[in-house]
*Asks:* 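Dumping the structure here so I can ask a few things about it.
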Amino acid sequence: MEKKKLSITCVLGFAVSVLAPVTAFFLAVNNVQWYKYYMTFLGLSGLSVFAGLVLSIAGTVSAKRSGKGGRGLGIAGIVISLLEMIGVILFIICLIWLGTGVQMSN
């Protein structure tokens, strides 16, 4: 049985989709005044998740066309990215809902 070469795009899309929330979380935790920059962290996380989704879709399509391996990683990257996007959307809704009554002091 011959091993198939892995699609680099599938692997990269999976890695980006897994690491996007982890890096955003560590950036938020390590910054003492995170509440001043939460929109920046949210934006970076959203862009990373979107990049992971695009890379995973592109990798899955190209792996199917070329016969390379790694389609499972691409599909997992798509699922993880979609779940993370739902989480980001829910977080934004919570911020909007709670944001009208919360006041932060300097």
Side-chain angles (χ1 to χ4, degrees):
M1 180 179 261
E2 186 179 323
K3 283 188 169 182
K4 291 183 179 181
K5 278 184 79 174
L6 283 177
S7 170
I8 299 298
T9 315
C10 285
V11 175
L12 189 61
F14 176 75
V16 169
S17 64
V18 169
L19 293 178
V22 174
T23 54
F25 174 75
F26 282 118
L27 283 173
V29 168
N30 288 329
N31 189 356
V32 176
Q33 297 176 340
W34 67 271
Y35 58 87
K36 290 184 179 179
Y37 306 106
Y38 68 90
M39 290 307 289
T40 303
F41 298 135
L42 187 62
L44 289 174
S45 179
L47 287 175
S48 300
V49 168
F50 184 72
L53 179 66
V54 170
L55 285 171
S56 295
I57 291 172
T60 304
V61 170
S62 71
K64 184 176 182 180
R65 287 184 183 166
S66 66
K68 290 185 178 180
R71 284 185 61 210
L73 287 175
I75 292 169
I78 292 169
V79 171
I80 291 169
S81 294
L82 289 175
L83 290 174
E84 290 170 355
M85 282 185 167
I86 291 170
V88 167
I89 290 169
L90 289 175
F91 183 70
I92 290 171
I93 290 170
C94 288
L95 284 177
I96 292 170
W97 183 58
L98 294 174
T100 56
V102 176
Q103 293 181 357
M104 304 260 183
S105 62
N106 289 335

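All values derive from a computational prediction rather than experimental measurement. Just the heavy atoms: all of them, side chains too, but no hydrogens, waters or symmetry mates, feed the values below.
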*Asks:* Looking at every non-hydrogen atom in both residues, tell me the closest pair between Ser56 and Gly74 and how far apart they are.
*Replies:* CB-O, 3.4 Å
*Asks:* Which pair of heavy atoms, one from Lys5 and one from Lys68, lies closest together, and at what distance?
*Replies:* O-CB, 3.3 Å
*Asks:* Walk me through it: do Ser7 and Ser62 pass the test side chain to side chain contact (heavy atoms under 4.5 Å, CB included)?
*Replies:* CA-CA 8 Å; Ser7 170; Ser62 71; 3.9 Å; yes
*Asks:* Grab the two heavy atoms, one from Gly77 and one from Ser17, that are nearest each other, plus how far apart they are.
*Replies:* CA-OG, 3.5 Å
*Asks:* If Ile, Leu, Val, Met, Phe, Trp and Tyr residues are connected whenever their side-chain heavy atoms lie under 4.5 Å apart, and connections chain through other members, are Ile89 and Leu82 in the same group?
*Replies:* no
*Asks:* Do Val16 and Val61 belong together in a cluster built from hydrophobic side chains that touch within less than 4.5 Å?
*Replies:* no
*Asks:* So which of Thr60, Val54, Leu55, Leu73 actually passes side-chain contact (heavy atoms from CB on, under 4.5 Å) with Ile78?
*Replies:* Thr60
*Asks:* Spell out, yes or no, whether Ile57 and Ile75 are grouped together once hydrophobic residues are joined by side-chain heavy atoms under 4.5 Å, including indirect joins.
*Replies:* no
*Asks:* Taking all non-hydrogen atoms of both residues, which atom of Val49 and which atom of Met85 are closest, and how far apart?
*Replies:* CG1-CG, 3.4 Å
*Asks:* Work out which heavy atom in Ser81 is nearest to a heavy atom in Leu53; give both atom names and the distance.
*Replies:* OG-N, 3.4 Å
